[in-house]
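Just below is one structure, and these are the notes that go with it.
Since we're looking at a predicted model, the values are computed, not measured.
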Amino acid sequence: MEKKTETKEYEFHGGSLNGFMMLAIALVLWAAGIYLLHVAVTLPDDVSPVLYYVAGVVTLVCALVCSCGFSMLEPNQAKVITFFGKYVGTFRKNGFYWINPFMTTKNVSLRARNLNADPIKVNDKAGNPVLIGLVVVWRLKDTYKAIFDIDTDVASSGQTGNASGARMNKFEHFVQVQSDSALRQVASMYAYDDEDSHSKEITLRDGSQEVNDMLTQKLNERLEMAGLEVIEARINYLAYAPEIAAVMLRRQQAAAIITAREKIVDGAVSMVKMALDKLADEGIVELDEEKKAAMVSNLLVVLCADEPAQPVINSGTLNH
């Protein structure tokens with residue numbers, strides 16, 4: 001059964017208005033405030049301008065407030081909104097909006113991102129050092145956990161001008177560190193190659209789908225606490241470490257030679273049997289056990305030799 005995790009994320013519903021409407025209101029307020037101040041300055045001396053001054057200042061302050069809350073949101077982007085430190089929801093509506101300027105917003109991207117991790121040296125199940133790398137496709141899933149459960153403060157990174165990009169870079173670094181940890185764990189669960197050709201054990205080299213599924217599972221277990229989700233993880237580089245690469249290559253070559261020899265011997269034995277049966281069935285020549293043994297020996301030498309056999313013509317007769 002799939003494990004259900006609790007989330008504190010919820011949608012933001014209050015304090016947002018259509019941006020174009022608020023832009024028009026802000027322009028009207030600016031014009032009204034300037035007009036009221038102008039009227040206050042040009043009033044006759046026998047009329048008190050205090051009321052006009054107060055109304056003009058109040059109107060300009062309102063215009064200033066209305067001018068500070070404009071926000072534009074593209075598809076697959078979100079804003080995490082807090083009000084004096086309290087989380088009040090995640091805003092996901094696409095378009096041009098006005099949000100209460102007294103609320104603090106943190107922009108995050110919900111789009112899928114790639115991480116191409118450099119190969120690292122790990123030990124497989126058999127203890128052999130191997131170089132293994134992976135590609136991870138991930139995205140932000142839970143904005144509350146991503147912002148408040150891990151450290152994404154960009155104030156000390158010197159990139160406050162591009163806070164959203166700096167914040168996503170911190171997420172990527174978090175994914176990279178956890179990817180290395182998960183990759184080491186998964187690599188230690190499987191052998192690089194199957195030393196026993198008759199074994200059905202999954203290996204790193206030929207069990208790609210099963211290994212990738214396990215890698216995705218382990219990554220999601222680690223990244224769930226950060227509100228991140230791995231869509232796909234796959235191994236894109238796999239090789240023996242340089243210190244044992246030459247030895248393992250010779251072992252693979254020896255295994256290939258043995259397999260080839262087994263097939264050659266099986267084929268040679270079947271051909272010898274067929275030759276003996278053919279001679280016996282058609283009565284071409286009668287061979288005793290000693291002659292059969294000699295014939296079998298010669299045929300096996302010819303069929304299993306690495307080099308072409310040199311024919312020798314015997315013009316003598318067979319002695320019964």
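In the hydrophobic cluster analysis, where Ile, Leu, Val, Met, Phe, Trp and Tyr join through side-chain heavy atoms closer than 4.5 angstrom, M103 is grouped apart from F96. The hydrophobic clustering, which links ILVMFWY residues whose side-chain heavy atoms are closer than 4.5 Å, places V135 and M214 apart. M168 and L219 fall within the same hydrophobic cluster, defined by Ile, Leu, Val, Met, Phe, Trp and Tyr side-chain heavy atoms under 4.5 Å apart, directly or through other members. Both L37 and V41 belong to a common hydrophobic cluster when Ile, Leu, Val, Met, Phe, Trp and Tyr are linked at side-chain heavy-atom distances under 4.5 angstrom. In this structure, L183 is not a member of the same hydrophobic cluster as L131, with clusters built from ILVMFWY side-chain heavy atoms closer than 4.5 Å.
When every heavy atom of L17 is checked against every heavy atom of M22, the shortest pair comes out as CD1-SD, 3.5 Å. Between A112 and V137, the shortest heavy-atom contact is CB-CG1, 4.3 Å. When all heavy atoms of I231 and R139 are compared, the closest pair comes out as CD1-CD, 3.7 Å. When all heavy atoms of N212 and A233 are compared, the pair lying nearest together is CB-O, 3.4 Å. The minimum heavy-atom distance linking L110 with A78 is given by the pair CD1-CB, 4.1 Å. The two residues E210 and Y190 come nearest to each other via the heavy atoms O-OH, 4.4 Å.
Side-chain contact between N114 and V136 is absent, with no heavy atoms from C-beta onward closer than 4.5 Å. Using a 4.5 Å heavy-atom threshold, the side chains of T104 and I81 count as separate. In this structure the side chain of Q77 never reaches within 4.5 angstrom of the side chain of N107, judged on heavy atoms. Counting heavy atoms from C-beta outward, L215 and L134 have side chains that approach closer than 4.5 Å. Counting only heavy atoms from C-beta outward, the side chains of N76 and S109 never approach each other to under 4.5 Å. Contact check for V80 versus T105: no side-chain heavy atoms found under the 4.5 Å cut-off. You'll find the side chain of L140 reaches within 4.5 Å of the side chain of F171, heavy atoms only. Between N123 and N128 there is no side-chain heavy-atom pair separated by less than 4.5 Å.
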Next on the checklist: If you apply the rule side chain to side chain contact (heavy atoms under 4.5 Å, CB included), what do you find for I25 with F20, and how did you get there?
Outcome noted: CA-CA 9 Å; I25 293 175; F20 295 103; over 6 Å; no

Checklist entry - Can you list the steps and then say if S188 with V122 is a side chain to side chain contact (heavy atoms under 4.5 Å, CB included)? => result CA-CA 8 Å; S188 65; V122 300; over 6 Å; no

Item to check | L228 vs F174, side chain to side chain contact (heavy atoms under 4.5 Å, CB included): CA-CA, chis, key distance, verdict | outcome: CA-CA 10 Å; L228 306 176; F174 187 88; 4.2 Å; yes

Item to check | Verdict with supporting geometry, K170 and E172, salt bridge (charged side-chain N to carboxylate O under 4.0 Å, His left out) | outcome: CA-CA 5 Å; K170 284 183 173 290; E172 184 169 343; over 6 Å; no

Item to check | Verdict with supporting geometry, L115 and W138, side chain to side chain contact (heavy atoms under 4.5 Å, CB included) | outcome: CA-CA 8 Å; L115 173 65; W138 62 278; 4.2 Å; yes

Item to check | Criterion side chain to side chain donor-acceptor pair (under 3.5 Å) on D213 and Q217, from CA distance to verdict | outcome: CA-CA 6 Å; D213 291 343; Q217 176 186 340; over 6 Å; no

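In this structure, R111 contributes its side chain and P75 its backbone to a donor-acceptor pair below 3.5 Å. A donor-acceptor distance shorter than 3.5 angstrom exists from the side chain of Y87 to the backbone of Y10, with no hydrogens or angles considered. Without hydrogens or angle criteria, D124 side chain to Y192 main chain gives a donor-acceptor distance under 3.5 Å. When atom types are taken as modelled, the side chain of R184 and the backbone of K121 share a donor-acceptor pair closer than 3.5 angstrom.
Within the structure, ring pair (Phe, Tyr, Trp, His ring centres under 6.0 Å) contacts touching residues 31-63 (residues at least two apart or in different chains) do not occur.
Salt bridge R222/E224: absent, no basic N to carboxylate O contact under 4.0 Å. Using a 4.0 Å cut-off between charged nitrogen and carboxylate oxygen, E9 and K145 do not count as a salt-bridge pair.
In this structure, NZ in K125 is found 10.5 Å from CG in L204, a value given to the nearest 0.5 Å. Of the inter-residue distances, the one linking D180 atom CG with I120 atom CD1 reads 4.5 Å to the nearest 0.5 angstrom. Between T90 atom OG1 and K106 atom NZ the span is 11.5 Å, to the nearest 0.5 Å.
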Quick one: side chains of residues 54-73, donor-acceptor pairs under 3.5 Å with protein atoms, not counting sequence neighbours, listed by atom name and distance.
{"from": "T59", "atom 1": "OG1", "to": "A55", "atom 2": "O", "distance (Å)": "2.6"}
{"from": "S67", "atom 1": "OG", "to": "W30", "atom 2": "NE1", "distance (Å)": "2.9"}
{"from": "S67", "atom 1": "OG", "to": "A63", "atom 2": "O", "distance (Å)": "2.7"}
{"from": "S71", "atom 1": "OG", "to": "K79", "atom 2": "NZ", "distance (Å)": "3.1"}

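Aromatic pair Y97/F91: centroids less than 6.0 angstrom apart.
There is a side-chain donor-acceptor pair under 3.5 Å between N236 and N116.
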